Each structure stands twice: as C-alpha cells, then as structure tokens.
Amino acid sequence: MVRRKIMVRGLDPELRKVLEEKVSFYGALGQTDRTDYETQIAVFLREHRITGVAGVTVTPDIGVLVAATAVRLVFRRPAWEFHDFGEILVYPGAFTADGNYSINAADAQAAGMMHSQGGVILSLPHLLRGFEADNDGFNVGYHEFAHVLDGVRPDGVPDELDLGSYRPWVTVMQREFERVHRGRSFLRNYAGTNPAEFFACAVEYFFEKPLQMREGSPELYLQLSRFFNQNPAESPAACPTSPEPTQGSPPRT
Ligand SMILES: [Zn+2]
C-alpha cells in the first residue's frame, strides 16, 4: 500500500486506544496534532519491520509503542525520513553489548542499541518503562531513534541539522559535553562517552525533562527545540517560536 493510502486510512482504532492508555504525550495533544501523530505512526509501522527475539511476540500494541517513540522525535518535521536503518528487534530484557547479545548474563546491561551494521535493538521492559515513567530522563526508544537520526556514522551532529545551525549546535554540544566530564551537567555521565551518546542522552532529556533542561542550559534546549521544531517545556505540540525558551540561567564555571 502506498504511503498516501495509509495516510488517508489512518491508524487502527484499537491502536489509538493503546496510545490513549499508555502515551501521556498523545493525550496532551490537540485533535489536529493527534491525527498527524497517529498518521505518522501508521506510516512508520507500515515501513519498518519490528521483530521479537528470544520469546518476545511483537503484538500490535507493542509495535505501536515502538513507533510512538520514533515518531515523537520527527513528529513536527514531516519532511524528514529515517534512513534505512534495518530491522527493529525487541528483546525480552537487557543484553550484553559485547556482540553476543546475551540476555541472561550477569553483565547484561544494555537496554538498547543501534547496530553499526544496521538494525535497532530495544529491550521490551525498558521500552515500557519509558512510558510508565515518562519524566525521569530515560527513554530507550527516544535514545536509539536519536542515534538513527544522527546518521549512518553517528557523531552527535544529526543528518537533518541545517547548515546555519551547525556551528551553534557544535558549540553548545562541546560546552555541555565538557560539563558532563567535569561532573557539572544535568545530563548523566553516559552522555560523556562520545558525541553520539551525548546527542542521544540529550534528546531523551529534552523530551522527558524539558523544564530542567531549559533551566540547566537554555542554549542546549533552544538548539534542540529548533532542531525538532518542538517546545516540550511549553506544551507537547508547541513550536519553538511560541514562545522562545527563556534565557538567563546562572552562568556555570
Ligand atoms: Zn546510545
């Protein structure tokens, strides 16, 4: 089915119920934005394969929650396309990041991964926890799909960043990255692993704790707000220009 037909047909009413029950962001949207979000989810589900691994059955409910995290990022940028990143694998729990993807090992601590050879892995309980606790700064779906947006070779500078935003973004990213390394950032230490992890962690925080990010680094908030064309500190569907994020947090040393 071509994309246009899916857009006309929209999301299955049963899946709309899942969004109503599990996705607080969806519940806070106005009717027009709800329809846009649903339609983009329907398109995403049609165009991406989501497969359960090691006993996980990907029900339509699980599929729609996977799509809900990916589409949250691109929701206000309808012209954006995720590059062809391969299959989405849903694991029954955390796994080892050593290439064996062992689920029951003592050091199985990875909740998600974007594989350099293609494919995204998500731990199902961590994905669900992202919806249950949606203001703690952790959401494995936002994190991994942020890596996808970052590009085939993630470097913290996403593919869709416009040319004029390149220098401001790199400046802001480097400044906060250094703060992470000095233990003075609101972002978790993992954001200091490399610029790609910085971007993914910052995206999680932007959507889950927007007020705290705007307070902690108005510049970082502003750059992400412009990039995603969203202003979650104001309301779920607000554009960045209505109004501008506030300035004036105390200077950091
Ligand atoms: Zn990551």
Side-chain angles (χ1 to χ4, degrees), residues 44 48 50-51 53 65-74 80 82-103 105 107-131 133-161 169-170 172-174 176-181 183 185-210 212-213 217 220-221 223-224 227-228:
F44 185 92
H48 297 276
I50 308 172
T51 305
V53 172
L65 292 176
V66 170
T69 61
V71 173
R72 175 83 195 268
L73 307 190
V74 299
W80 287 3
F82 284 110
H83 67 81
D84 184 13
F85 59 85
E87 200 168 8
I88 300 162
L89 301 177
V90 181
Y91 274 43
F95 52 91
T96 57
D98 58 1
N100 294 319
Y101 310 106
S102 303
I103 295 158
D107 58 344
Q109 292 179 344
M113 174 182 280
M114 191 190 84
H115 200 284
S116 57
Q117 305 298 316
V120 165
I121 304 175
L122 298 171
S123 155
L124 179 57
H126 291 82
L127 177 79
L128 299 178
R129 212 170 297 150
F131 291 102
D134 62 2
N135 58 4
D136 62 357
F138 292 90
N139 184 300
V140 68
Y142 299 160
H143 185 103
E144 300 311 327
F145 290 113
H147 280 318
V148 175
L149 277 184
D150 198 350
V152 177
R153 289 180 197 81
D155 58 0
V157 182
D159 283 355
E160 298 285 0
L161 194 72
W169 169 248
V170 170
V172 162
M173 177 169 70
Q174 284 174 342
E176 197 63 36
F177 190 75
E178 285 167 18
R179 286 176 183 156
V180 174
H181 276 256
S185 177
F186 49 89
L187 293 173
R188 57 186 149 127
N189 290 343
Y190 191 63
T193 307
N194 55 46
E197 294 305 341
F198 177 88
F199 177 66
C201 292
V203 169
E204 281 180 89
Y205 205 95
F206 173 76
F207 285 109
E208 291 241 328
K209 296 172 86 76
Q212 292 89 335
M213 176 178 278
S217 173
L220 180 61
Y221 180 84
Q223 291 305 318
L224 289 172
F227 177 66
F228 289 110

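The figures here come from the full heavy-atom set of this structure, side chains too, leaving out hydrogens, waters and symmetry mates. All of these numbers come straight from a predicted model, not from anything done at the bench. For this chain, numbers begin at 1 and follow the sequence in order. All ligand and atom numbering here is 1-based and tracks the order in the structure.
Residues H147 and F199 place their aromatic rings such that the two centres sit no closer than 6.0 Å. For F206 and Y142, the ring centers sit 6.0 Å or farther from each other.
Taking NE2 of H143 as the reference point, atom CE of M113 lies at 10.0 Å (rounded to 0.5 Å).
Side-chain contact annotation: N100 with S102, donor-acceptor N/O pair under 3.5 Å absent. In this structure, a donor-acceptor pair under 3.5 Å is present between the side chains of Y101 and H115.
Neighbours of the Zn ion (ligand 1) restricted to protein N, O or S atoms under 2.8 Å: the count is 4.
Under the salt bridge (Lys or Arg N to Asp or Glu O under 4.0 Å) criterion, E144 pairs with no residue, sequence neighbours left out.
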